[in-house]
Amino acid sequence: MGFLVVQLLFLIWLIAGIASGSGTPEDCGTLDKQSCNDAENARTAIGVGLIIVLWAVVDVILGITYAVYRLARRP
């Protein structure tokens, strides 16, 4: 159950990160609209990539923890 909760939280975080990638050209200061959009897309891609890497690391840690727990309970 706990594993599925962690997966759901990461999925929600990923969707929120993708959805927050839009901004207005006023947020970019002196950049033109195309450069502003490119910068926002790059920022979103880096953020999503970091979330996915963290997700994978947490899954590996949870898997190892579960394996150790199972081995310790074996008669």
Ignoring hydrogens, what is the shortest heavy-atom contact between F3 and D59? Give both atom names and the distance.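 Smallest interatomic distance, heavy atoms only, reads CE1-OD1, 3.7 Å.
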
Heavy atoms only: give me the nearest G17-S20 pair and the separation to one decimal.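 Closest approach of G17 to S20: O-OG, 3.1 Å.
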
Could you grab the distance from atom [atom1] of [X] to atom [atom2] of [Y], nearest 0.5 Å is fine?
| X | Y | atom1 | atom2 | value |
| --- | --- | --- | --- | --- |
| T44 | I18 | OG1 | CD1 | 9.0 Å |
| N37 | D32 | CG | CG | 9.0 Å |
| K33 | S35 | NZ | OG | 12.5 Å |

I want to check something: taking the side chain as every heavy atom from C-beta on, are L11 and W55 in contact at a cut-off of under 4.5 Å?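 They are in contact (side-chain heavy atoms under 4.5 Å apart), so the answer is yes.
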
Find out whether W13 and L54 are in side-chain contact, i.e. whether some heavy atom of one side chain is under 4.5 Å from a heavy atom of the other.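 The answer is yes; the side chains approach within 4.5 Å.
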
Quick check on the hydrophobic clustering: are L9 and V48 connected, directly or via other members, by side-chain heavy-atom contacts under 4.5 Å?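 Shared cluster, no.
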
Are L4 and Y66 connected into the same hydrophobic cluster when the rule is that any two of I, L, V, M, F, W, Y join if their side-chain heavy atoms are below 4.5 Å apart?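 No, Y66 and L4 fall in different hydrophobic clusters.
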
Checking side-chain contact (heavy atoms from CB on, under 4.5 Å) between L62 and each of V58, I64, T65, which is the one that passes?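 Considering V58, I64, T65, a side-chain contact (heavy atoms from CB on, under 4.5 Å) with L62 is found only for V58.
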
